[in-house]
Chemist: 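Mind looking over this structure? Questions follow.
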Amino acid sequence: MAQQLDGLASDQDPPNTAEGSGARRWLALGVLMLAQFTVWLDNTILNVALNTLASPTEGLGATTNELQWSISSYTLVFAVMLFTGGALGDRYGHRRLLVIGMALFGAASLWAGMSTGVTELIIARGAMGVGSALIMPATLSLISAVFSERERPMAIAIWSGASGLAIAAGPLVGGALLERFWWGSVFVVNLPIVGVALLGVMFLLPAARSVNRVKLDPLGVLLSMIGLLALVYGLIEGGHRNEWTSPLVVGSLVGGLLVLVVFVRIELRVENPSFDVRLFRSGKFTGASVAVMLTFFSLSGSMFYTSFYLQGALGQTPFEAGLNLIPVAVGVLLGAPVSAALVRKLGLGPVVATAMMVAALTFLAYTWLDLTTAMPWFWLLLTAQGLAMGSAVAPTTEAIMAVLPSDRTGAGSAVNNSMRQIGGVLGVAILGSLLSSVYAADVAPDLEALPAPVKETAEQSAEATRQVAAEASLPELVGAANDSFLYAMHVTSVVGAGVAVLGAVVIWFSFRSKRG
């Protein structure tokens with residue numbers, strides 16, 4: 001252990017770790033997957049605890065807006081800090097940043113689980129986002145350090161599969177914990193995972209550092225943080241309020257974009273930028289980055305309304321819903337490694353474009369789901385969706401990393417993860433807003449007889465309509481809520497499918513040659 005800690009603190013350049021033993025490299029990949037799994041698990045696990053948190057007896061008595069921010073504070077800080085985490089890793093060593101990030105994430109998880117108020121929980125979730133922003137760029141950069149160019153595509157494909165596993169495991173683990181323990185257990189569960197991952201980092205991962213010590217770019221880091229903060233905040237608030245024309249939302253979006261424009265102009269003139277925006281001159285780098293964003297836009301949006309479909313319309317428990325989401329994880333796990341072999345034979349463009357078109361068809365197939373759909377058909381749909389998404393994400397991630405110089409892998413992987421997070425925020429915000437708007441318009445005629453304040457409450461969501469139906473002893477409103485929700489989900493799924501088609505077009509034109 002002492003030898004490993006000395007390596008962590010060492011200022012020496014790393015050895016050529018790709019020449020190490022094969023078994024050790026793949027064990028190291030397992031550690032990096034575990035670290036990433038923890039981050040993605042926290043993206044989804046809180047969703048099943050929202051009803052409990054809203055309870056004044058079993059939870060914290062949180063309001064709807066407070067519940068929204070308990071989710072969004074993590075996503076917002078995560079997305080904003082990713083560039084900074086990548087730049088710090090390039091400067092100080094990615095294993096060092098991974099250890100710091102895991103320790104911070106574990107401590108913040110304990111804080112969140114022991115919170116005594118909603119405000120404290122929201123702040124703790126933000127601290128977890130900081131830890132995640134240090135972890136994610138480091139995991140992808142260390143894969144580049146550990147694996148040779150020949151092995152790297154398969155390693156990244158397997159690494160990408162961990163995100164799909166976490167997407168399904170979040171609701172499943174959360175539901176199981178809430179059946180036995182208090183709401184804070186969905187955060188405290190991170191501690192043993194973090195402990196195992198830290199031990200693996202100490203023993204299996206190299207103290208990777210750039211051959212040339214990268215100078216920090218404080219102004220670039222600050223501008224990227226401010227610009228992304230304003231932009232992502234505007235996206236989140238626009239989705240939560242469903243008021244995209246409000247001064248706060250418009251001001252945040254426009255202000256964030258302007259700051260990011262200034263950031264780009266300055267970075268083009270800096271000798272050692274926090275992220276070399278010149279990389280976007282590469283059509284392949286840009287195409288892969290945009291495709292990653294559009295992929296997670298559609299996937300995150302679909303997972304959002306799928307949860308409401310299973311738990312709200314079909315009346316499943318959180319644990320039952322988690323079980324029924326497992327097929328998408330299985331699909332991602334199978335699709336990611338298979339895509340690496342297909343890309344070698346057919347080229348990235350055809351493989352990823354086909355995968356995204358298949359994904360678009362699976363999103364479109366949501367228009368066939370109703371209250372009588374048999375679960376085996378739903379499982380088949382999710383398996384196909386997972387296969388397609390896994391086949392799309394892994395090759396595009398490898399394409400992004402392939403064009404990066406060795407001393408910019410941290411900043412480059414931060415771009416990849418930022419695109420994922422921003423795509424996810426956009427997917428939940430825009431598709432969530434569309435779902436709410438279509439639902440409110442469709443259910444309105446069924447609520448005409450209600451008093452104005454009650455009607456306004458019932459129009460907010462299908463869950464609110466069902467609650468009003470229970471309180472007013474109007475069981476017919478439950479059927480109206482389910483019918484309007486299904487219609488809204490069908491409309492929203494068509495838009496999600498269209499975004500996936502756009503991603504297929506982008507990747508096809510970016511990688512038209514067989515070798516991609």
Side-chain angles (χ1 to χ4, degrees), residues 43 46-47 50 62-84 118-119 121-123 125-126 129-130 133 222-264 290 293-294 296-305 307-308 417-442 444 456-457 459-464 488-489 491-492 494-496 498-499 502:
N43 268 313
L46 182 59
N47 289 329
L50 295 180
T63 66
T64 300
N65 189 57
E66 288 171 336
L67 291 174
Q68 290 171 331
W69 273 108
S70 67
I71 294 175
S72 298
S73 61
Y74 175 83
T75 306
L76 177 61
V77 175
F78 188 6
V80 166
M81 290 293 296
L82 274 168
F83 279 142
T84 304
V118 182
T119 300
L121 174 62
I122 291 172
I123 296 172
R125 289 276 293 165
V130 176
L222 179 63
L223 288 175
S224 68
M225 288 176 60
I226 294 174
L228 284 172
L229 175 64
L231 181 62
V232 177
Y233 178 84
L235 292 172
I236 292 174
E237 278 297 293
H240 286 174
R241 297 170 176 231
N242 196 19
E243 296 177 0
W244 292 96
T245 58
S246 73
L248 176 63
V249 172
V250 173
S252 296
L253 293 175
V254 173
L257 288 172
L258 289 176
V259 172
L260 289 176
V261 169
V262 174
F263 164 73
V264 171
V290 172
M293 183 182 72
L294 296 177
F296 276 84
F297 178 103
S298 298
L299 179 61
S300 298
S302 71
M303 293 298 292
F304 179 77
Y305 53 74
S307 296
F308 288 114
N417 287 299
S418 291
M419 287 296 192
R420 291 187 181 202
Q421 290 300 311
I422 292 172
V425 170
L426 277 167
V428 173
I430 295 176
L431 295 185
S433 295
L434 177 62
L435 185 78
S436 298
S437 299
V438 175
Y439 175 81
D442 192 72
E456 184 177 349
T457 299
E459 285 179 342
Q460 292 178 1
S461 66
E463 288 69 28
M489 183 181 74
V491 172
T492 305
V494 172
V495 175
V499 172
L502 178 60

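Because the structure is a prediction, the values reported are computed rather than measured. Nothing fancy with the numbering, it's 1 onward along the sequence. What you see below is based on every heavy atom in this structure, not just the backbone, and it leaves out hydrogens, waters and symmetry mates.
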Chemist: Decide yes or no for Ser252 and Val249: does some side-chain heavy atom of the first lie under 4.5 Å from some side-chain heavy atom of the second?
Modeler: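 Contact flag for Ser252/Val249 side chains = no.
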Chemist: About how many Å separate CG of Leu258 and CD1 of Ile226, when rounded to the nearest 0.5 Å?
Modeler: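 Reported to 0.5 Å precision, the distance equals 13.0 Å.
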Chemist: Backbone N or O of Val499 within a donor-acceptor pair of the Ser298 side chain at under 3.5 Å?
Modeler: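 Pair absent, no side-chain N/O of Ser298 close to backbone of Val499.
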Chemist: Provide the closest heavy-atom pair for Ala488 versus Tyr439 in the form atom of the first, atom of the second, distance.
Modeler: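 Heavy atoms of Ala488 and Tyr439 come nearest at CB-N, 3.7 Å.
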Chemist: With rounding to the nearest 0.5 Å, note down the distance linking OG1 in Thr492 to CG in Leu434.
Modeler: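 Going from OG1 on Thr492 over to CG on Leu434, the span is 4.0 Å.
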Chemist: Using the side chain to side chain contact (heavy atoms under 4.5 Å, CB included) rule, pick out the option among Val261, Val262, Leu260 that qualifies with Leu223.
Modeler: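 The side chain to side chain contact (heavy atoms under 4.5 Å, CB included) with Leu223 is passed solely by Val262 among Val261, Val262, Leu260.
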Chemist: Supply the atom-to-atom distance Leu502 CG to Phe297 CZ, rounded to the nearest 0.5 angstrom.
Modeler: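 Output value for this atom pair is 10.0 Å.
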Chemist: Between CZ of Phe263 and CG of Leu257, what distance do you get to the nearest 0.5 Å?
Modeler: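 Nearest 0.5 Å value for the CZ-CG distance: 13.5 Å.
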